[in-house]
Protein chains: 2
Amino acid sequence: MNVIDASGALAISTRLQRLADLLRKDGQMIYKAFGIDFEPKWFPVIYTLFHKPGLGVVELANEIGYAHPSTISLLKELENEKLIRSKKDRHDERKRLLFLTSKGEELVQEMRPVWTVMSDAILELTNTTNNLLKAIAETEAGFRGKSFFERAKPHLPRK
Amino acid sequence: MNVIDASGALAISTRLQRLADLLRKDGQMIYKAFGIDFEPKWFPVIYTLFHKPGLGVVELANEIGYAHPSTISLLKELENEKLIRSKKDRHDERKRLLFLTSKGEELVQEMRPVWTVMSDAILELTNTTNNLLKAIAETEAGFRGKSFFERAKPHLPRK
DNA sequence: TAAATCTACGTAGTTAACTACATATATACA
DNA sequence: TGTATATATGTAGTTAACTACGTAGATTTA
């Protein structure tokens with residue numbers, strides 16, 4: 001065992017990020033192997049716009065839990081790929097309403113079986129004694145209730 | 001519930017990364033609140049060199065599970081901070097052996113109580129029905145046994 | 001109804017990891 | 001022992017998210 005695993009809790013963000021990277025890279029390979037030109041990072045945008053067409057940029061960002069500039073850069077790529085389009089909101093000149101293009105809609109249909117395969121593989125992979133998907137949800141909930149910082153704060157040395 | 005949470009498994013890398021970010025940022029705030037000039041990302045290097053002084057660059061990278069160029073850039077920062085130093089290996093001219101400086105050693109002693117507080121907070125946060133730390137370890141182990149890609153591969157359409 | 005504030009979107013620059021490639025030294029083998 | 005291969009380190013550029021800040025239009029309020 002290396003000293004980092006031994007340090008347990010302290011290296012948690014490192015380990016989460018590494019696992020995220022591993023899964024994203026394999027996700028990329030899986031799309032490729034199925035002959036589909038799609039990047040895992042596009043998933044939240046495409047999936048959300050498929051289910052909720054007509055969202056604005058910030059609404060979409062909130063929905064997928066990203067900062068809006070991150071969302072904007074994904075949207076740019078997806079517009080270049082002709083997978084999404086936008087139009088001005090007639091009632092609010094500031095707003096851009098976002099939709100899948102028909103190419104985007106078709107790609108979603110093509111990806112559906114791949115998503116099923118991926119989803120099954122992830123469920124298999126994470127369905128261990130401590131279920132990772134549930135553990136994430138539970139930890140996120142705990143964090144919302146009282147953040148990591150708030151849990152550490154009471155132990156600050158008094159000035 | 002937003003559509004991404006509903007998509008469950010498919011957005012897993014996104015969610016892992018977001019949680020990693022949250023924890024890293026709070027970690028940063030905690031060091032600051034304790035008046036310690038230290039970044040969470042330095043932890044794996046400092047902690048490992050504290051426990052195993054004299055490692056080479058690649059040995060250290062393997063120990064902390066990073067690619068060696070990532071490790072090199074952390075080492076540069078830590079050398080600027082005067083927290084680590086290196087010397088040539090007498091028996092292998094290619095190798096740089098890495099050590100904490102005395103400033104580094106002192107900082108470790110200063111951080112020990114903070115690490116205890118952080119570790120307790122993380123354990124509290126992650127000790128839910130499905131323990132996140134254990135779930136990560138279990139999923140990593142499952143992945144090593146058979147990767148995400150390998151689990152999806154059998155379902156490829158035949159050519 | 002004019003001014004102040006808020007909201008939606010966008011740009012620029014940062015961060016913390018990565019891969020690909022280059023170079024120098026060490027080791028193995030013909 | 002000279003050549004091929006492997007290993008240790010380093011550099012350059014990429015990626016996928018972020019924060020800070022700016023601007024324009026919408027809404028609230030004095």
Side-chain angles (χ1 to χ4, degrees), chain A residues 4 11-29 38-46 54-80 84 86-98, chain B residues 4 11-29 38-46 54-80 84 86-98:
Chain A
I4 290 305
I12 189 171
S13 60
T14 284
R15 297 183 69 193
L16 285 169
Q17 179 149 351
R18 204 155 75 221
L19 192 50
D21 273 5
L22 278 177
L23 294 171
R24 191 185 310 112
K25 273 170 209 163
D26 269 36
Q28 243 158 10
M29 288 170 63
F38 193 75
E39 310 235 359
K41 67 174 162 171
W42 295 338
F43 174 78
V45 170
I46 292 292
L55 291 176
V57 174
V58 173
E59 285 162 353
L60 173 61
N62 290 337
E63 191 76 17
I64 67 180
Y66 281 10
H68 81 269
S70 317
T71 307
I72 287 172
S73 90
L74 292 172
L75 291 171
K76 272 185 191 158
E77 293 178 33
L78 289 166
E79 280 166 339
N80 287 339
I84 65 149
S86 67
K87 65 173 189 195
K88 269 244 150 77
D89 185 337
R90 239 176 296 167
H91 308 297
D92 186 339
E93 282 292 305
R94 297 168 304 177
K95 252 177 130 170
R96 264 172 78 193
L97 306 181
L98 301 160
Chain B
I4 289 305
I12 188 172
S13 59
T14 283
R15 296 183 70 193
L16 285 169
Q17 179 151 351
R18 203 155 76 222
L19 193 49
D21 273 4
L22 278 177
L23 293 171
R24 192 185 309 113
K25 273 170 209 161
D26 270 37
Q28 244 158 9
M29 287 170 63
F38 194 75
E39 310 236 358
K41 68 173 162 171
W42 294 339
F43 175 79
V45 170
I46 293 292
L55 292 176
V57 175
V58 174
E59 286 162 352
L60 174 61
N62 290 337
E63 191 76 16
I64 66 180
Y66 281 10
H68 81 269
S70 318
T71 307
I72 288 173
S73 92
L74 292 173
L75 290 172
K76 273 184 192 160
E77 293 179 33
L78 288 166
E79 280 166 339
N80 287 340
I84 66 150
S86 67
K87 65 172 189 197
K88 269 244 151 77
D89 185 337
R90 238 176 298 167
H91 308 297
D92 186 338
E93 281 294 306
R94 297 168 304 177
K95 253 177 128 170
R96 264 173 77 193
L97 306 182
L98 301 161

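Lettering follows sequence order; numbering is per chain, from 1. Reckoned from all heavy atoms, side chains included, excluding hydrogens, waters and symmetry mates. Just so it is clear, the model here is predicted, and its values are computed rather than measured.
With sequence neighbours left out, the side chain to side chain donor-acceptor pair (under 3.5 Å) criterion links A:D21 to A:R24. Here B:F38 pairs with B:Y31, B:W42 under the ring pair (Phe, Tyr, Trp, His ring centres under 6.0 Å) rule; sequence neighbours left out. Evaluation of the side chain to side chain donor-acceptor pair (under 3.5 Å) rule for A:S70 yields no partner, not counting sequence neighbours. Legend: residues meeting side chain to side chain contact (heavy atoms under 4.5 Å, CB included) with B:D92, ordered by chain and number and at least two apart, are B:D89, B:R94, B:K95. B:S86 meets the side chain to side chain donor-acceptor pair (under 3.5 Å) test with B:R96; sequence neighbours excluded. For A:N62, there are no side chain to side chain donor-acceptor pair (under 3.5 Å) partners at least two apart in sequence or on another chain.
Sequence neighbours left out, the pairs with a member in residues 68-78 of chain B that pass salt bridge (charged side-chain N to carboxylate O under 4.0 Å, His left out) are B:K41-B:E77.
Closest non-hydrogen pair, A:L55 versus A:L60, comes out as CD1-CA, 4.1 Å.
Nearest-nucleotide positions on DNA chain C place B:R24 closer to the 5' end than the other of B:R24 and B:E93.
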- Note on the structure: Scoring nucleotides 5-10 of chain D by protein non-hydrogen atoms under 4.0 Å (B base, S sugar-phosphate only, - none) yields -BBSBB
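When heavy atoms are screened at a 4.0 angstrom cut-off, A:Q28 is found touching the sugar-phosphate backbone but no base atom.
From the 5' end on, the contacts that DNA chain C makes with chain B at under 4.0 Å to a non-hydrogen atom open and close at C:dA16 to C:dA26.
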